[in-house]
There are 2 protein chains.
Amino acid sequence: MTQPRRARKATPALPGDGTAAARAPMREALAEAAFQLFLEHGFERTTVDDIVARAGVGRRSFFRYFPSKEDAVFPDHESSLAEMTAFLEARPDGDPLDRVFDAARIVLRMYAANPEFSVQRYRLTREVPGLRTYELSVVRRYERTLAGYLRRRLGAAPDGSLRAEMIASAVVAAHNNGLRAWLRSGGSGDARLAVEHAFALVREVWAGRIDPLGPPPPPVVALPAAGGADGEVVVMVASRRTPLWRVVQELEAVLAEG
Amino acid sequence: MTQPRRARKATPALPGDGTAAARAPMREALAEAAFQLFLEHGFERTTVDDIVARAGVGRRSFFRYFPSKEDAVFPDHESSLAEMTAFLEARPDGDPLDRVFDAARIVLRMYAANPEFSVQRYRLTREVPGLRTYELSVVRRYERTLAGYLRRRLGAAPDGSLRAEMIASAVVAAHNNGLRAWLRSGGSGDARLAVEHAFALVREVWAGRIDPLGPPPPPVVALPAAGGADGEVVVMVASRRTPLWRVVQELEAVLAEG
DNA sequence: CGAGGCTATGGCACTGAGTACCCCATGTAA
DNA sequence: TTACATGGGGTACTCAGTGCCATAGCCTCG
């Protein structure tokens, strides 16, 4: 079986890059062919050769667009994750809880944009251990993104890192609880209702327990080198007049992500 | 690559079964050889052939004891998970929060029992995407176990399922936050301190938000057939004088686990 | 217009995990 | 002794994923 493999091998210039899915007919064709076959014959009994045969392309091309067979089932998460990251970077101010809710809504919208596909994929994922595991790792990346943002906002407060991770996990749990209820229902009804209800519980539990006024939006950007591991390098960019404590806080936040 | 593969193929009578690790010299030898090689040459550059060569056994035997290469890195989680499940089944009464904390402490004890091993494994896991993913799926199983227990205790309350999942995720997040801090420190200090501190935050956040007196310990046992999927069968055992609402609640709890 | 270069794709060939199937040794019961 | 169960070994196969190279289209610069 396979997984996110290398967490993301720095995305070596995907062919149809740019705005992700857009302008990538081959990628779409492959994902479509793969999903159809998975539905027809099951994930495990479908080989990559079957997929490329249906798509009418070379086997090697499949792995140019999808690092693993599992990736073809979740062709949209990568861009969704990028969107979430960009959103939190672009608008780090305001109530932290509101921000992470907004960020989570991005994911929900992605699911709601294609109800039938989402439901079918949900059923498929439920039955294939490999896909469940893959989805787990995707969800985890969302959670880490949220936690990273919250850590930056709460880093200075006592237990900032702990609180950040607990809130992120609560938001993810709430989101997934609502989402799964909708998916189980076959896509009938409004996915947002259940999720917003769940978010309300998160807010009820955590509101008031977060520094009423978090620190200002970070003027510091720390970029952990992709790949991580031992010889990792962190590049920080900060305005010269950034107070030292902010730099330290940011550094701690990045390092604590490990 | 590989993963938990088949989530657990019903554990078809492991050779050295019974009390798990105990009385399974071959399994131990394999895990030991594997771990040494992983540390020396890295996980991915070590093949199963290397492992069985060092252990002096046949290749086929490796897969009799470990469904995948990754499993050899976490030889103790299976029994830990079983212990947690047994604990929650044996003592379902009392404060639900206390119970899930106790359950989580089982896992912590397992880590703390072998500090050097745990720390080395932590470092190894950090660097190998496949192991990270594997660990994720293990953690998820713990979380589901806790959520399942909580769902049984809160199932009748409004939003019982949602609350159960949020609390379970909070406990896991707290546990992992403390555990990781300890692991990052190289195993110096007391792992329990950080974890107990984190648990205190969970209690602070959730105490009072749980039905002060949850329903009595469930006299109903529902066993979802291993394997799940479509033709799934649920076997329920209940005393004849169990009130109907309890049976329904239990059934809902099991079905909601999907 | 042609040479060089870049990009997208196809085509092997190879590694290595995981599995199916069958064999063998040993211990045990009849 | 035979009959059989159990734990382990061996072989051959499938298939995901990777490295390397070839080729076809396209663009640009001279």
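Hydrogens, waters and symmetry mates play no part in the numbers below; they use all other heavy atoms, side chains included. In what follows, chains carry the letters A, B, and so on, assigned in the order in which the sequence lines appear, proteins first and then strands, with residues in each chain numbered from 1. Quick caveat, the model's predicted, so the values are computed rather than measured.
Taking every heavy atom of residues 48-59 of chain B and every atom of DNA chain D, pairs under 4.0 Å involve B/V57, B/G58, by number.
Nucleotide D/dG8 holds its P atom 12 Å from the CZ atom of B/F66, rounded to whole Å. Look at CZ on A/R45: it is 16 Å from C1' on C/dT19, rounded to the nearest Å. Between A/F62 atom CZ and C/dC12 atom C1' the separation is 19 Å, expressed in whole Å. Distance A/R64 CZ to D/dC21 C1': 11 Å, rounded to the nearest Å. Rounded to whole Å, the distance from CD on A/E44 to P on C/dA20 is 11 Å. Here D/dT14 presents its C1' atom at 15 Å from CZ of A/F43, a figure rounded to the nearest Å. A/L30 has its CG atom 11 Å from the C1' atom of C/dT9, to the nearest Å.
Side-chain contact check for B/D71 and B/Y134: at least one donor-acceptor pair (N or O, by modelled atom type) lies under 3.5 Å.
Contacts of A/D76 classified as side-chain hydrogen bond (donor to acceptor under 3.5 Å, both in side chains), with partners at least two apart in sequence or in another chain: A/R121. Residues passing the side-chain hydrogen bond (donor to acceptor under 3.5 Å, both in side chains) test with A/D49: none are found, sequence neighbours excluded. Applying the side-chain hydrogen bond (donor to acceptor under 3.5 Å, both in side chains) rule to B/R109 yields no partners; only residues at least two apart in sequence or on another chain are considered. With sequence neighbours excluded, the residues forming a ring pair (Phe, Tyr, Trp, His ring centres under 6.0 Å) with B/Y111 are B/H77, listed by chain and number. With sequence neighbours left out, the side-chain contact (heavy atoms from CB on, under 4.5 Å) criterion links A/E40 to A/Q36, A/L37, A/R54.
The base of D/dG7 lies outside donor-acceptor range of the side chain of B/R60, with no N or O pair under 3.5 Å.
Checking B/M26 against A/F63, the closest nucleotide of DNA chain D that is more toward the 5' end is the one next to B/M26.
Residue B/Y65 places at least one side-chain N or O closer than 4.0 Å to OP1 or OP2 of D/dG8.
Proximity of a side-chain donor or acceptor of A/R27 to a complementary backbone N or O of A/P75 within less than 3.5 Å is detected.
When the nucleotides C/dA17, D/dA16, C/dT9 are ranked by their closest atom to the side chain of A/T47, D/dA16 comes out on top.
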